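Written out below as structure tokens is the structure these notes cover.
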Amino acid sequence: MTAAEPVPDGQVGVWAAPGRVNLIGEHLDYVGGPVLPIAIDLQTTVKARRRTDGRVRVWSGITDRSVEFGADTAPGDVDGWARYAAGTVWALAESGRTTGGADLVISSDVPLGAGLSSSAAIECGIAVALAGLEGWEVDPVEMALICQRGENDYAGAPTGSMDQLASMCGEQGHALLIKTASAPPTVKPVPAHWVDDGYALVVVDTRAKHSHAGGEYGQRRAQTVELTELLGLETLAAAPPDAVLKVDDPTLKARLRHVITETQRVRSAVRALAARDWPQLGQLMTASHVSLRDDYDVSAPELDLTVEAALEHGALGARMTGGGFGGSAIALVEAGGVDALRAAVAAAFARIDFPAPRTFVVEPADGARRVS
Ligand code: GLA
């Protein structure tokens with residue numbers, strides 16, 4: 001984000017922040033591992049105007065509701081969808097940046113609850129809008145971590161930093177190699193040429209709803225903390241392959257196997273992207289899905305069915321993306337095969353009476369920014 005003059009009182013600015021798809025490197029952003037997401041060309045738009053009375057009003061076109069709270073909001077004040085907005089205001093204030101107040105109107109084409117980081121898109125959109133209104137200059141990585149803090153400590157979802165980093169730092173035509181072993185994490189754009197080479201990345205929103213506020217996601221995190229302590233490591237992703245021999249409990253052993261093999265797959269995927277080796281990238285994606293299904297146990301029947309149908313109908317590879325337990329799967333397919341894949345997945349869902357999924361193509365897009 002570049003230094004900006006504050007937006008004058010009464011004037012309206014418009015900012016936008018995208019959702020994300022993770023290509024590979026799932027459930028590694030909270031164990032110090034590498035992840036490889038893209039920001040996608042679906043985004044949340046925030047129209048914003050300064051107020052000077054220390055109040056923030058957010059109107060959401062997503063829910064057709066508005067919520068008002070103080071710029072000094074604290075965890076517990078606001079719940080529902082608006083807690084992502086209020087959490088960002090709170091986390092910015094905790095970082096020393098208290099807004100003087102704002103009217104915010106948000107709309108979004110990132111589907112909610114689809115595992116495409118609609119919440120990170122709201123957080124990052126609001127963060128860049130407030131920074132723009134106030135003239136704050138904030139490094140995008142720092143801003144992403146502020147948004148993550150809002151999500152963790154205000155909205156109550158114990159997530160890692162991948163979603164906010166992808167939404168904040170996305171680059172058109174690039175995937176982002178994010179290494180979370182260091183504090184702060186590093187973000188390196190990696191050219192992603194599958195579109196130029198005639199392939200498409202298809203998202204299937206299975207409409208099986210998921211949530212990361214506690215529950216299974218929190219339990220997986222807790223298991224990785226237990227493993228890290230058991231093995232006496234700083235970060236679990238640094239575990240050598242033979243570390244699995246030191247773990248007796250079969251569930252913990254499987255979780256560790258996912259972390260170790262997925263970390264290796266991210267490294268291989270970065271090489272496949274550079275070599276434009278799409279069959280290889282596809283194989284790695286599918287192997288990632290199998291590991292998430294069998295070892296990390298975060299898939300869902302709708303996700304498994306999508307992957308199976310996609311692979312049977314021409315996909316080079318397919319996998320669930322994001323936290324899992326519902327949400328979306330992705331498939332890499334020749335551009336000419338998108339319609340056949342869409343039809344095959346729809347037919348597979350219809351056969352067992354699952355609600356019809358939504359299938360669309362995404363491309364790597366730019367991160368949070370001012371649009372007018
Ligand atoms: C969710 C979280 C991320 C990450 C993924 C799994 O999307 O928000 O931080 O942990 O799950 O890779």
Side-chain angles (χ1 to χ4, degrees), residues 17-40 42 83-84 87-88 110-124 141 144-170 175-181 184-185 187 203 205-206 208-225 235-237 255 258-259 261-263 265-266 269 285 288-289 291-293 295-300 303 319-330:
R20 67 96 189 89
V21 151
N22 190 16
L23 293 180
I24 200 160
E26 216 65 85
H27 285 274
L28 295 186
D29 64 343
Y30 53 84
V31 294
V35 298
L36 193 63
I38 59 169
I40 57 175
L42 295 174
R83 72 192 194 282
Y84 298 111
T88 303
V110 187
L112 293 186
L116 302 175
S117 296
S118 56
S119 53
I122 293 175
E123 293 152 9
C124 295
V141 170
L145 298 179
I146 289 170
C147 293
Q148 182 204 358
R149 177 148 192 229
E151 172 131 5
N152 291 168
D153 297 343
Y154 193 111
T159 58
S161 57
M162 169 173 75
D163 304 345
Q164 292 80 7
L165 285 166
S167 183
M168 201 59 80
C169 306
L176 302 173
L177 174 59
I178 300 174
K179 293 187 178 169
T180 66
V187 181
V203 174
D205 169 9
T206 66
K209 291 291 172 210
H210 78 300
S211 149
H212 295 325
E216 295 267 11
Y217 183 96
Q219 202 188 76
R220 294 300 177 284
R221 269 200 90 143
Q223 288 169 337
T224 63
V225 171
T235 62
L236 195 59
R255 305 293 185 256
H258 169 72
V259 169
T261 58
E262 185 78 349
T263 300
R265 280 187 290 270
V266 177
M285 287 167 61
S288 167
H289 183 77
S291 178
L292 288 157
R293 185 191 64 197
D295 281 345
Y296 218 65
D297 195 17
V298 291
S299 190
L303 295 167
R319 62 184 290 274
M320 51 159 279
T321 189
F325 310 109
S328 294
I330 53 172

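In what follows, residues are counted from 1 in the order of the sequence shown. Predicted model only: the values in this text are computed from it and were never measured. Order of appearance sets the numbers: ligands from 1, and atoms from 1 within every ligand.
Looking at N22 next to ligand 1, no N or O pair under 3.5 Å apart turns up. Between G322 and ligand 1, a contact under 3.5 Å exists for no N or O pair.
Listed here is the closest heavy atom pair of V187 and C169: CG1-CB, 4.0 Å. Residues V35 and G25 come closest through the heavy atom pair CG1-O, 3.0 Å.
Of all atoms in ligand 1, listed by their number and element, those nearer than 4.0 Å to a heavy atom of M162 are 4 (C), 5 (C), 12 (O). Interface atoms of ligand 1 facing T159, defined by a heavy-atom separation under 4.0 Å, are 2 (C), 8 (O), 9 (O). Proximity to G160 (heavy-atom distance under 4.0 Å) selects the following atoms of ligand 1: 9 (O). Residue Y30 approaches ligand 1 through these ligand atoms, each under 4.0 Å from one of its heavy atoms: 10 (O).
Proximity of R20 to ligand 1, defined as any heavy-atom pair under 4.0 Å, is confined to the side chain (atoms from C-beta onward).
In this structure, the side chains of V266 and L28 come closer than 4.5 Å at one or more pairs of heavy atoms. Contact of the E26 side chain with the M162 side chain is registered, since non-hydrogen atoms from C-beta on lie closer than 4.5 Å. Using a 4.5 Å heavy-atom cutoff, the side chains of R255 and D297 are in contact. In this structure, P18 and V110 have side chains that are not in contact, with every pair of non-hydrogen atoms separated by 4.5 Å or more.
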